[in-house]
Amino acid sequence: MSYAAYKMMHWPTGIDHCAAGFITHSPADAAAFSSAAPAAAFGSDGDIDSAAARAPRRVGPTPNLVVAAANVLEVYAVSAHATAGADEGGTSSSAGAILDGISGARLELVCHYRLHGNIESMAVLSNGTENRRDSIALAFKDAKISCLEFDDSISGLRTSSMHCFEGDEWLHLKRGRESFAWGPVIKTDPQGRCGAALVYGLQMIILKAAQVGQSLVGEDEPTRVLGSASVRIESSYVIDLRDMEMNHIKDFTFVHGYIEPVLVILHEREPTWAGRISSKNQTCMISAFSISTSLKQHPMIWSAAKLPHDAYQLLAVPPPISGILVICANSIHYHNQSTSCSLALNSFSSQPDGSPEIPKTSFHVELDVAKATWLSHDIVMFSSKNGEILLLTVVYDGRNVQRLDLMKSKASVLSSSADIDGDLPFSKRLKRIPSDVLQDVTSVEELSFHNNAVPNSLDSAQKISFVVRDALINVGPLKDFAYGLRNNSDPNAAGIAKQSNYELVCCSGHGKNGTLSALQQSVRPDLITEVLQTGDDLGEVTETVDYNVQASTIAAGNLFGRRRVIQVYAKGARVLDGSFMTQELNFSVHTSESSLSSEPLAAVSASIADPYVLLKMLDGTIRLLIGDHSTCTVSINAPAIFPSSSERISSCTLYLDRGPEPWLRKTHTDAWISTGIGEATDANDNSSHDQSDIYCLICYESGKLEIFEVPSFKCVFSVENFVSGPAIMFDAFSHISTKDSGIGGLNAIKVSVEKEEASNIKIVELAMHRWSGQFSRPFLFGLLNDGTLLCYHAYCYESSESNPQCPHNAADSRLRNLRFRRVSIDLSPRDDISSLVRPRITVFNNVGGYEGLFLCGPRPAWVFVCRQRFRVHPQVCDGSILAFTVLHNVNCCRGLIYVTSQGFLKICQLPSAYNYDNYWPVQKVALHGTPHQVTYYAEQSLYPLIVSVPVIRPLNQVLSSMADQELGLHIENDFTSGDDLQKVYTFDEFEVRIMELEKPSGRWESRFTIPMQSFENALTVRMVTLQNTSTKETETLMAIGTAYVQGEDVAARGRVLLFSFSKSENSQNLVTEVYSKESKGAVSAVASLQGHLLIASGPKITLNKWTGSELTAVAFYDAPLHVVSLNIVKNFVLFGDIHKSIYFLSWKEQGSQLSLLAKDFGSLDCFATEFLIDGSTLSLVVSDSNKNVQIFYYAPKMVESWKGQKLLPRAEFHVGAHVSKFLRLQMLPTQGIASEKTNRFALVFGTLDGGIGCIAPVDELTFRRLQSLQRKLVDAVPHACGLNPRSFRHFNSNGKAHRPGPDNIIDFELLSHYEMLSLEEQLEIAQQIGTTRSQIRSNFSDFLLGTSFL
């Protein structure tokens, strides 16, 4: 393998940063939309205490939630459901109780971006006024800052300014250093006057905000009519903090209550270390600087010294108190210009000599790495490292803070960042989970404050109640995973269908949130076999009904409020009541023109929207069947509206726009007259108020799309080149096509070869639908005949421009403010579709509680619509699917029926254990401990798994157990005789659990547990196949490697344990120990090599043969420091060292020796290693601590390999995440050029931030083609935040000398932008690199097919 491709398959889910801000609307806009509902009196029967339930309802604008997970940025709107009346009592929605006048809240996605760079820090720039929107400031590696604002005209984020302090002109900022412990940190002034970013450790960049009405962006854009401007950055300058005698900065923040922005910096004057804490521990101080952005001056106005060495975080106290909280691991300190007070959290807190005794909390707690957010002006909430929620009250009198009080709240999930969302005193809080925890990732939680007469008392903190309203899924950190069979797998499947038999079972999460996550890439529905003999079973009724069974049915559906059924076939239609026909129509009779043409008219496709049926005929014209409600009959109408009747219609559909307020009405010019936009629509409203409008969407063969009102057929919207997939579409008649002509106006298609290829592409199917949700807007889908699915999301934008050529009265009736934004959808390019096939798109509103659409065809896929975003999950288990519909009856609740191309009709349900609102369907099994490693025992479908559970023990018990193990610990008398023995000590107890997925139920059960000894950590568990030398049989055993962790004074030792599984089902013990032996070092990895057992114990690797009762060493190799991973192929061994990169060994049976073939001479902190196999070529892959992946190869005949001693680099790549595990899986053969190579393997990898991707070999021709395309796309596509994809993927050596390796990996993350370009741009770029669009698409498709493993 000389060439490889990198592709993410499951994007990161561990949230690193979150913030709340008014991004898509200003507080004033939000207040206008949420007019208060009538107050309701709540009874005391709710499950929240009645005082909280009677609290006044929460009014006020709700901001957006902005979250960042590695390189994924998402903006959510919070849709809160206010309670409608007193009758809703205690629990109204699935999310639980009514609190604060809100019965439920949900996050709905506004926009999301995958960036070419990891977000190091995020802040919201807000100036606190009612009519200004906030901006998002993002900081990226080294020193890049991008400011983003929401742009109504594209319904997405745009970059308002970029600031880069890298490169030659800024080299002096680094002061000669090459590596920095963390990336830039950005904070903003609470009044939005400026922001500050700390880069390169000691350089503070001050970003000055523009005055209202000024901006960096040229004023070519019209001033917004309704929208409000966002805060923007005007200029920046650098402060060198070395000049102010600071040398180690820990944190900084802006404080409230000053006329100018005041920046407080927490820094350490003289560093200390663990061995000197007894004599030197008060080393930190804070300094406050007044920042004058106009004079570029920053005088110090106050400071406070002698803070503990473990201070790490500053929190600005909101007004009216103001001042600053310094958070330390063992204490909390409050400071302002005049006063200070402290609170000790445990017995380790220290204080300066001679100072008064500081008050202590009543319980012991450690606050290192805690996350904090303000709930009100005097209560701050902490989420500690072990998941406890703590509430700190700042008790004050006037302006003087008297003391700090800390109390415990309910335990919670572990968070990586927390944020407040809402107005005080009824606040709503959004909390996110970190990259190393896995559980519900965001809880939008309501907090209710009950205000007493005393404005500041401890009562208010005790009255806080939490309700989890919504949660996002996190599957990070993926420490290890195993590849095993699903519980509904099909043993007879072959080819690609066989892939959906498998799932990834992952170790994810930490502490009490540790889980086993079962992830699947494709959906495999559960077959419902038994159809009971009730009135609800399915029986064949062909003989007894009046349906036309002689011709093939084109469509069938309900009319007249489900009182009639209409069946449409090629020559006519029938209306039926139950099974009796009430009316029959014949299409050819009713048309006057049919006498002119010899052929009778036949319908090709039909779309039904009660009471209309739209037919597309064989000759490219349309007919409308209009139903009459009073007589329940239909009549045929040929709309005589088409002046362009010479143009053939390629596809058409009806769109029923219904609801309390039909959405498209808002996009009329005179919408504000006809409907009250200001009235809040209530989600829980009865459907009796529903109104409905019906529209007809028509796409012509020229690629033009028009929307008509039905039945008048008045054109209200038209777009010229819908088929080419422009990024934004708007009505061509009501806008001047000058500036925006490139977006969706009438631009001329480039003449040349492209013209022919473009003219062959047509829209073969249209669909438009609006799913439920408070902020839901319609989606528009267009299926091209080459298999591409175009997806658009409608939005409303009132532009100030109008088209002067358009007559005024015509403009009024059009949907002038309707626009469509193209949405990316992760679907593989499909096969060509002829225009005369049955429809592919089926919309469903409830299958297993989910809504979305199903795409039939050769590669069927589910597109779930969750939170207004697409979740695409393919279904490969049945091959091609011809037809799909929903079924809901007694035996099949919220199920589905589909017909496969082999002619099987299957009745199924979605597996209910899985959550489909994720990149892949996921099932999570709580372990209540931290999972470390998992392996799969295929013969009995068992998953052995290492779990550690934190246990709290009294210190004297811990010491006595250590003494029992004769460690020679001399416990000194002065230590044992005091109160110290009353203390407790927390340590992890390890065990190996054997989990099983029970077949019919799909539940996970723990079958057996193997406990470890005290202080013994299990490091590895693997299934190994050993050759028993006495019986000459092969045995499959479970090998466990352990280490005793007893501090740095005790020499390391470990154990190797071997277990066998019992064959009989009913035996008492599932596993029995067959071997156990202590070794001198920690046993960190085990593997089986040609029937022998390879053990990495400390810095030594030994190869052992198995006699049935003993392991005998036959060969060994001395590793440099500590082995982290072992991989075997045939007789080759690859191992990764913790600091010294990778080693490549071979095992020779005749001489019984493990010999070194080659190694990498560089130093590298390995995370994971694996072999990559491409035909007869063997490559070695390693991931490291700097988030890179490198591929090496062994070539002893090459000169630069130093006679074969050195491994040569084949490719290198920056993944941007720590890759913790590689899994080698065989690729599927594809129809491409590489099909003659059958022995091809790809590597699936998991990362610590919850991402899954793959690295797969590609042949040279494909590589060259896609690499040229990749180079083109770097410049051809506007990248979010202005980031450069090439610099992101450069090998990151963190300042060490590194010789750049070959660039032999293509990046599918960048290539995926190609499919989002418009058709003309795709054809042009393909022509520029000397290939065709269809060739590129088939390469994409082959790669996707070859790597669909799950």
Side-chain angles (χ1 to χ4, degrees), residues 1019-1042 1052-1060 1074-1137 1140-1160 1166 1169-1171 1173 1176 1178 1180 1192-1197 1201-1207 1224:
L1019 297 184
T1020 181
V1021 58
R1022 289 289 177 248
M1023 298 306 303
V1024 291
T1025 309
L1026 303 183
Q1027 175 110 24
N1028 187 331
T1029 52
S1030 30
T1031 63
K1032 299 286 184 269
E1033 288 177 354
T1034 55
E1035 301 176 11
T1036 303
L1037 303 173
M1038 177 171 71
I1040 300 173
T1042 72
R1053 55 199 183 92
R1055 286 196 302 164
V1056 177
L1057 305 166
L1058 291 179
F1059 290 84
S1060 68
V1074 292
Y1075 179 78
S1076 160
K1077 186 186 178 191
E1078 269 204 15
S1079 79
K1080 280 189 180 170
V1083 180
S1084 56
V1086 290
S1088 51
L1089 169 61
Q1090 295 187 338
H1092 297 61
L1093 182 63
L1094 197 61
I1095 299 171
S1097 142
K1100 185 174 284 231
I1101 296 179
T1102 53
L1103 189 67
N1104 302 269
K1105 64 179 183 196
W1106 172 240
T1107 63
S1109 58
E1110 277 298 318
L1111 282 177
T1112 318
V1114 291
F1116 71 92
Y1117 180 81
D1118 281 327
L1121 295 167
H1122 174 81
V1123 176
V1124 291
S1125 67
L1126 274 178
N1127 307 98
I1128 311 277
V1129 161
K1130 293 184 177 170
N1131 63 327
F1132 296 114
V1133 179
L1134 164 66
F1135 75 82
D1137 188 84
K1140 296 289 181 191
S1141 199
I1142 56 171
Y1143 284 68
F1144 185 40
L1145 314 176
S1146 80
W1147 153 246
K1148 295 192 180 65
E1149 185 89 46
Q1150 55 268 45
S1152 287
Q1153 62 180 28
L1154 273 174
S1155 54
L1156 175 70
L1157 292 174
K1159 65 176 185 174
D1160 173 26
C1166 295
T1169 57
E1170 188 51 277
F1171 288 105
I1173 300 170
S1176 57
L1178 187 68
L1180 298 80
F1192 292 95
Y1193 66 109
Y1194 174 57
K1197 295 188 174 127
S1201 72
W1202 302 349
K1203 297 186 178 172
Q1205 297 176 55
K1206 185 178 174 189
L1207 289 171
R1224 190 170 71 236

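Positions are given from 1, in the same order as the sequence printed here.
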We want to know whether Ser1125 and Thr1169 form a side-chain donor-acceptor pair, criterion being a heavy-atom distance below 3.5 angstrom.
yes
Got a donor-acceptor contact below 3.5 angstrom from the [X] side chain to the [Y] backbone?
| X | Y | result |
| --- | --- | --- |
| Ser1201 | Ala1195 | yes |
| Asp1137 | Leu1121 | yes |
| Ser1084 | Val1123 | yes |
| Thr1042 | Arg1055 | yes |

Tell me, with the steps shown, if Leu1154 and Leu1094 meet side-chain contact (heavy atoms from CB on, under 4.5 Å).
CA-CA 11 Å; Leu1154 273 174; Leu1094 197 61; 4.0 Å; yes
Would a 4.5 Å heavy-atom cut-off, applied to side chains only, mark [X] and [Y] as touching?
| X | Y | result |
| --- | --- | --- |
| Tyr1143 | Tyr1117 | yes |
| Val1074 | Glu1035 | no |
| Ile1128 | Ser1088 | no |
| Ile1142 | Cys1166 | yes |
| Phe1171 | Leu1180 | yes |
| Tyr1194 | Leu1178 | no |
| Lys1077 | Leu1111 | no |
| Trp1147 | Ser1155 | no |

Taking all atoms of both residues into account, what is the closest heavy-atom pair of [X] and [Y], and its distance?
| X | Y | answer |
| --- | --- | --- |
| Pro1120 | Pro1099 | O-CB, 4.2 Å |
| Ala1087 | Val1024 | C-CG1, 4.1 Å |
| Lys1130 | Leu1089 | O-CD1, 3.3 Å |
| Gln1153 | Ala1115 | CA-CB, 4.2 Å |
| Met1023 | Thr1036 | CE-CG2, 3.9 Å |
| Ser1097 | Gly1081 | OG-N, 3.6 Å |

To the nearest 0.5 Å, what is the distance between [atom1] ([X]) and [atom2] ([Y])?
| X | Y | atom1 | atom2 | value |
| --- | --- | --- | --- | --- |
| Ile1095 | Asn1104 | CD1 | CG | 4.5 Å |
| Leu1134 | Glu1170 | CG | CD | 7.5 Å |
| Lys1140 | Phe1135 | NZ | CZ | 12.5 Å |
| Glu1033 | Gln1027 | CD | CD | 9.5 Å |
| Gln1090 | Glu1149 | CD | CD | 6.5 Å |
| Leu1026 | Thr1107 | CG | OG1 | 10.5 Å |

In terms of the angle between their ring planes, are Tyr1075 and Trp1106 parallel, tilted or perpendicular, with boundaries placed at 30° and 60°?
perpendicular
Applying side-chain contact (heavy atoms from CB on, under 4.5 Å) to Val1021 and Met1038, what does each step give before you reach the verdict?
CA-CA 7 Å; Val1021 58; Met1038 177 171 71; 3.8 Å; yes
Test side-chain contact (heavy atoms from CB on, under 4.5 Å) on Arg1022 and Leu1126 and set out the steps.
CA-CA 11 Å; Arg1022 289 289 177 248; Leu1126 274 178; over 6 Å; no
Which is it for Val1083 and Leu1019 under the side-chain contact (heavy atoms from CB on, under 4.5 Å) test, yes or no, and what are the steps along the way?
CA-CA 7 Å; Val1083 180; Leu1019 297 184; 5.9 Å; no
